[in-house]
Amino acid sequence: MRGGRTDGGRVARRRFLRFAGAAVAGSVAGCVNDSPEGAGGVTSTRETATTTDEETRPRTTPARETTPTDDDPSLRTAYRSRQRYRSPGESLDVMEDPDAWRVRRGSMRPDPGHAFVGTKSAKLVGDGGGHAVVERSLPQRDLSDADVSVALRTTTPASVAFFVQLLDANGNAAEQQLRSITWDAPDVGWFRTCPGTYVADDGFDRSAVTRLRLRLNNASDRRVVAWVDDVRVHPKPDTGYVIFSWDDGKRSYYRNAASVHDEYGFPAVLTQPPHPDDAGSKLFMSVDQLRERRDAGDEIVAHGSVQRPFARVSESTLDGILRRNKRWLVDNGFEGADFVVYPGNNYDATALDVVGRYHHMGGMNQAGSVNTTGVHGFDPLVLPRTIGHDLTIAERLVDRVAAHRNAGILNFHDFASENTMSVPDYRALLEHVDRTSGVEVITFSDLWRLRTGGP
């Protein structure tokens, strides 16, 4: 027995994973400039185009070389996941009645020009470096087993974080936080966020929620703008979940971490090499090694395989790259082909449209601090994750997903990189997970099954 968990417990986890993995699905994000961000939790992990007005401008797509592809329609997804799962759960507010909301900071006005559902949304503005905060009263409601999601659109994504606060009759609060938005302006659009709970007051009574507060945190000295719509509630799962996500298919995982995962019975999610032809070279796992890890319980998913973030390449080039890489996964027998990692964690509206042609799930809105999600309400192609650079932060993520029954995706690249903790710290992290009750280690297809209610 290690960390207080019996071998029977590890067998039970493997049994859960075996049956949970029936639905094939998506992955996580990026490898270009993946460095931890500042303490504020809202700084993007890549350079973002700056906008000086509130309206989106047409996306420019500089010429790129064309990537050879095939035209096999079987590589396409059977449906667009963002459309099928755009409004899960139960509606709480569709922002049609602005009088129901009180403005506490900044400004809010109805905007019929931008609506996720219905006829209008609520436009929030924080001027001169200020935040925007609105709240509304609710009939007392038991949200002990529920998370809250919101449809969000912002033309200033690099400058904001988004918080959902639940307050009880005594003013105690629980705060769900989306710590960073890595959407690339100006080609912006709507996405659904179901932030995981970051902090809760000791006396907070989740069974007696009487107020809902939405907060747009401004991390700049300029104006920030966002639109909110379609506030919904979703059931919590019975436990918390952690995913160990390894980008790039590096040998570093195979040499230094795979045996520890096997020891604890924890699966990991690995990507193909960024350029599939590199498989088996000095830095990257071979096809046989990837298959070995698949057979041991790990999941192999797609990588975006571009040196530039998704928002910086043309639509046709991105389409060709995604199709080529999915073909490589399918041809080599890897069932994680419906998941994808975004290089640099970066995307925009056009990129999401292209990604949805080939993959059901992906992301990220990445942060250097704890950045988690509710299980049943996230946007399938805009998942959040946390950089696995610091043991204390990673252990904090594990503790929070266990306490609040959320999901946390920890991202790693190479033990020689600044954005990945050391080998001893990584073992300590797995030991911490092993001795923490209320948390399971899962794969992307497990998370997709939970999100969609699949078998």
Side-chain angles (χ1 to χ4, degrees), residues 1-21 28 144-145 147 174-177 179 194-202 204 206 235-246 253 256-269 297-299 367-376 383-412 420-444 446-447 449-450:
M1 183 173 73
R2 289 186 68 88
R5 190 178 300 277
T6 64
D7 288 342
R10 287 195 284 272
V11 170
R13 176 182 287 116
R14 286 196 180 99
R15 184 180 301 116
F16 166 82
L17 293 167
R18 185 169 66 252
F19 289 110
V28 262
S144 302
D145 296 310
D147 291 309
E175 187 166 89
Q176 301 174 210
Q177 296 189 9
R179 304 284 291 174
C194 186
T197 301
Y198 190 83
V199 64
D201 294 336
D202 289 339
F204 174 63
R206 204 174 184 100
K236 281 183 175 292
D238 294 332
T239 191
Y241 298 102
V242 171
I243 293 174
F244 292 92
S245 173
W246 282 83
Y253 169 82
N256 300 295
S259 62
V260 187
H261 276 261
D262 293 344
E263 179 181 342
Y264 286 106
F266 294 159
V269 176
D298 293 346
E299 186 165 56
S369 56
V370 176
N371 199 40
T372 60
T373 183
V375 168
H376 297 293
L383 269 167
R385 72 175 178 182
T386 302
I387 303 170
H389 67 291
D390 180 87
L391 175 61
T392 299
I393 292 172
E395 289 182 340
R396 191 177 301 145
L397 177 143
V398 173
D399 295 342
R400 286 180 178 162
V401 300
H404 302 293
R405 290 179 283 159
N406 293 148
I409 302 170
L410 285 162
N411 173 236
F412 311 91
T420 299
M421 65 183 65
S422 67
V423 173
D425 281 356
Y426 192 77
R427 171 175 277 279
L429 173 61
L430 269 64
E431 290 175 350
H432 182 75
V433 173
D434 191 60
R435 64 174 177 261
T436 300
S437 61
V439 63
E440 295 284 353
V441 180
I442 62 173
T443 64
F444 291 133
D446 298 330
L447 180 60
R449 179 193 63 81
L450 292 163

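In what follows, residues are counted from 1 in the order of the sequence shown. Only heavy atoms go into these numbers, but all of them, side chains included; no hydrogens, no water, no symmetry mates. Please read these numbers as outputs of a predicted model, since none were measured by experiment.
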What heavy-atom pair brings [X] and [Y] nearest, and what distance separates the two atoms?
{"X": "Ala402", "Y": "Thr436", "value": "CB-CG2, 4.1 Å"}
{"X": "Ile409", "Y": "Pro384", "value": "CD1-O, 3.7 Å"}
{"X": "Asn406", "Y": "Gly374", "value": "ND2-CA, 3.9 Å"}

Q: For a side chain to side chain contact (heavy atoms under 4.5 Å, CB included) with Tyr241, tell me which candidate from Leu447, Thr443, Val375 qualifies.
A: Val375
Partners passing side chain to side chain donor-acceptor pair (under 3.5 Å) against [X] (at least two apart in sequence or in another chain):
{"X": "Glu395", "result": "none"}
{"X": "Arg206", "result": "none"}
{"X": "Gln176", "result": "none"}

Q. Donor-acceptor pair, Thr239 side chain versus Gly438 backbone, under 3.5 Å?
A. yes
Q.
Using a 3.5 Å distance criterion without hydrogens, assess whether the side chain of Thr386 forms a donor-acceptor pair with backbone atoms of Ala367.
A. no
Q. Is any side-chain heavy atom of Thr372 less than 4.5 Å from a side-chain heavy atom of Arg400?
A. no
Q.
With heavy-atom distances below 4.5 Å as the criterion, would you say the side chains of Met421 and Phe412 are in contact?
A. yes
So how far is it from [X] [atom1] to [Y] [atom2], rounded to the nearest 0.5 Å?
{"X": "Arg427", "Y": "Tyr264", "atom1": "CZ", "atom2": "OH", "answer": "5.5 Å"}
{"X": "Leu429", "Y": "Ser422", "atom1": "CG", "atom2": "OG", "answer": "10.5 Å"}
{"X": "Asp425", "Y": "Thr420", "atom1": "CG", "atom2": "OG1", "answer": "11.5 Å"}

Q: Tell me yes or no: between the side chains of Tyr253 and Asp298, is some donor less than 3.5 Å from an acceptor?
A: yes
Q. Which of parallel (below 30°), tilted (30 to 60°) and perpendicular (above 60°) describes Phe266 and Phe244?
A. parallel
Q.
Run the salt bridge (charged side-chain N to carboxylate O under 4.0 Å, His left out) test on Asp145 and Lys236 for me, step by step, so that the C-alpha distance in whole Å, both residues' side-chain angles and the decisive distance to 0.1 Å come before the verdict.
A. CA-CA 5 Å; Asp145 296 310; Lys236 281 183 175 292; over 6 Å; no
